[in-house]
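If you're wondering where the values come from, they're calculated on a predicted model, not measured in any experiment. For reference, positions follow the sequence shown, starting with 1.
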Amino acid sequence: MRRWLVLAVIAAFLFVLGFIGWIEFFDLAGKSVSIFNLFQLTFGLFIRETFFPGFAGILNLADYKIPLLLDIARIVAPWITLSVFIALVLSLLRNLTTALAIRLFYRNHIVVISDDNNSNYLLNCVRLDFPDSKIVLLKDAKIQDFSCRRLEDIPVISGSIEDPSVLKITAINKAKHIVIATNNDSVNVRLLRSIEHTLSRKKNKMNIEIWLQIEDFKSFETFKGYKGEDSSMGTDVHIFSVFQRIAADTVDRFSPDRYADTTDGSQTEIAVLGLDTLGQWLVLEAAQMYHFANMKKLRVTVIDSEIENKVKGLLRICPLLKKVIEINSIELLDFLQMNSPESFSEVSTCFIAWPMVEEIEYISRKMRQLFFNSRELLDNPAIVLVNISSYLCSEIMKETLETLETIGITVSSPVGISIKNEEERDSLAMQVHNVYSNLSQKELELEWSNMNDYFKDENRYAARHLPIKLRSLGLEAVPIDDPREAVDFKEILPRSEQLLAQLEHNRWLARKLVNGYIHGKKLERKLRDRLKIHVDIRPWEELSEKDREKDLVVLRNIENMLREIGKKIVPVER
């Protein structure tokens, strides 16, 4: 692109020189000429070398002088034309050789389909998950046909991603993994259908994992139950959201119980500044994960412009959310005009998820001002800026980030998230599932691979919450080779068993409510999860002893589960 821009600028400059030169030439010759002919003659400089003695004869000029500007233009312009021609030929050859190389030599590779805005970020994510695999990047571009270039060792194809002929250039039918990740959920779904249709015509079926990006919460949860159009095709479809993964990682890393006492009976409160897509995911992840030993409903203060409309939008996505958390909304202008910190005196952690990069320093500083009087020193990360500017292709200046860190704001900059779930977390989630299945490791891995992402997530959220339960007892899970001595958890558990079981039920109940489940009579599992009616959607106090026992089973097997993934339980280091 830069080469074409340089050639265009030089050509335009030479055109102006030539045009002015022709005007001078005819003035010196005492001849008049129309504007149309001047344009025609100037364009002619680029396609032929003007032979001035012959040209002068045509004009009946006994004597003539070629102006310097015209002389420069007539000599250089044909070379620009030749350069453009050579560049076009080379570009065509590059396109053909790259497309041929992919078709001939790429097998079991990864095809990443994205638009221009997030392609670099996604490449970081894919390299994180598949460090040794070949990658082909297909970028959406509103051009006819396609073009190719290389980004380091990765062939980059630009073209209409919904054109089947462009998709075929990526050797998509020979790929091992396909990542569909434009910023438009509808386009992503259409691409999935198109790819499934293309793969259905393959004679030799092979297992292909397709990772589909969906950012809308409702669509995200709906597609979590989708494994592929036809199991005989060999496709295994997984759903992911970049914003959900960033939000989940942030919520886990900066959980309030890591830095404050959440066992004293007081309500836990967090704040989220910015309620666009990332802010919504932060609220929803916190609603599902922040269930502590205080047994109090989480209070979430949300701040944004037109906040009432944005809260209504969030409740349209998740109508039962207020059964899980308390929501306190503050209009952005009111927040910016605040001088006293009373509204945030009980906030343990504030997440800044502001989408406009140019306003982040100002917005973040305002939040720090409100915290300053009550908490001059922020030893714990009370204010966390979730920096996703690299995903948005709009980097925050290094000086800005340094300034924010200097005044006590913690900057969390996820340079790449795992499109697949983290192996360690999935390993623990598999063990949670196996508490009820009691399978051998081989059988467990097979059953896990056949589960859709919705049911995997049920176990993943339970696994993610285990560290919170352990921290409520002053414990943590560490690698087996940690020098600290392991505690006897079976001796500790009976003293807190009922508390932890109630905590697990609260977490499970919150997840179900966030996903739209309501209480009803007991149904067959398939119908239950399609209707989203569950008999246990009720407070802990109303559960029977048999139903309460379900929450105790996992707790009693924590040591065994952790041992299976190479971990042990030790006291938390203070």
Side-chain angles (χ1 to χ4, degrees), residues 117-118 120-121 124 242-243 245-260 268-283 285-286 290 300-305 307 310 328-417:
N117 292 333
N118 59 1
N120 289 339
Y121 188 88
N124 287 337
V242 171
F243 288 118
R245 293 285 168 84
I246 292 173
D249 178 67
T250 303
V251 163
D252 289 350
R253 285 174 59 205
F254 300 102
S255 179
D257 72 308
R258 289 178 179 270
Y259 316 106
T268 303
E269 182 176 354
I270 66 169
V272 177
L273 208 168
L275 204 56
D276 285 345
T277 306
L278 177 58
Q280 289 181 351
W281 276 114
L282 284 167
V283 172
E285 284 295 315
Y290 286 173
V300 181
T301 295
V302 289
I303 308 146
D304 208 331
S305 56
I307 188 62
K310 290 188 176 179
N328 173 42
S329 57
I330 298 177
E331 182 62 34
L332 178 65
L333 184 58
D334 295 336
F335 164 74
L336 294 174
Q337 292 174 342
M338 283 181 181
N339 289 318
S340 57
E342 282 79 11
S343 297
F344 297 93
S345 59
E346 301 301 323
V347 171
S348 58
T349 307
C350 174
F351 298 107
I352 300 174
W354 199 250
M356 287 170 278
V357 170
E358 65 276 9
E359 296 179 355
I360 279 179
E361 182 176 3
Y362 172 58
I363 293 284
S364 302
R365 183 184 291 110
K366 181 62 185 180
M367 179 59 73
R368 182 64 181 103
Q369 288 173 348
L370 294 176
F371 270 71
F372 190 78
N373 288 338
S374 59
R375 279 172 273 184
E376 185 172 332
L377 296 176
L378 296 183
D379 297 327
N380 300 323
I383 306 176
V384 179
L385 168 61
V386 189
N387 175 22
I388 58 166
S389 58
S390 58
Y391 177 72
L392 301 174
C393 290
S394 180
E395 293 283 349
I396 301 175
M397 291 176 61
K398 181 182 176 183
E399 292 77 10
T400 297
L401 295 177
E402 289 175 350
T403 298
L404 295 179
E405 288 176 335
T406 300
I407 63 175
I409 293 175
T410 302
V411 179
S412 174
S413 301
V415 293
I417 50 97

Query raised in the report: Under a 4.5 Å cut-off applied to non-hydrogen side-chain atoms, are E269 and T301 in contact?
Result: yes
Query raised in the report: So do the side chains of F344 and I303 get within less than 4.5 Å of each other, counting heavy atoms only?
Result: yes
Report task. Report yes if the side chains of V283 and F351 come closer than 4.5 Å at any heavy-atom pair, otherwise no. Result -> no
Report summary line: Between F254 and T349 the two heavy atoms that sit nearest each other are O-OG1, 4.0 Å
Query raised in the report: Going by heavy atoms in the side chains, are D304 and L273 under 4.5 Å from each other?
Result: no
Query raised in the report: Rounded to the nearest 0.5 Å, what separation is found between the CE atom of M397 and the CD atom of E399?
Result: 4.5 Å
Report task. For the pair R368 (side chain) and I363 (backbone), establish whether a donor and an acceptor sit closer than 3.5 Å, ignoring hydrogens and angles. Result -> no
Report summary line: Here the gap from S348 atom OG to I270 atom CD1, rounded to the nearest 0.5 Å, amounts to 7.5 Å
Query - Heavy-atom side-chain contact between P256 and Y290 under 4.5 Å - result: yes
Query raised in the report: Do F243 and Q280 have side-chain heavy atoms sitting under 4.5 Å apart?
Result: no
Query raised in the report: Distance from I407 atom CD1 to Q369 atom CD, nearest 0.5 Å?
Result: 8.0 Å
Requested in this report: Drop me the distance from E405's CD to S364's OG, to the nearest 0.5 angstrom.
Outcome: 11.5 Å
Query - Side-chain touch W354/L385, heavy atoms, less than 4.5 angstrom - result: no
Report task. Measure the spacing between CD of E359 and NZ of K366 and express it to the nearest 0.5 Å. Result -> 15.0 Å
Query raised in the report: Could you go step by step and tell me if D249 and R253 meet the salt bridge (charged side-chain N to carboxylate O under 4.0 Å, His left out) rule?
Result: CA-CA 6 Å; D249 178 67; R253 285 174 59 205; 3.6 Å; yes
Report task. Could you list the residues that satisfy salt bridge (charged side-chain N to carboxylate O under 4.0 Å, His left out) with D276, not counting sequence neighbours? Result -> K310
Report summary line: Given the options I388, V386, N387, S413 meets side chain to side chain contact (heavy atoms under 4.5 Å, CB included) only with N387
**Report entry** I409, I383, I352 screened by side chain to side chain contact (heavy atoms under 4.5 Å, CB included) with L404, the one that passes
**Finding:** I409
Query - Side-chain touch V302/I307, heavy atoms, less than 4.5 angstrom - result: yes
Report summary line: Taken to the nearest 0.5 Å, the spacing of T400 OG1 from R365 CZ works out to 9.0 Å
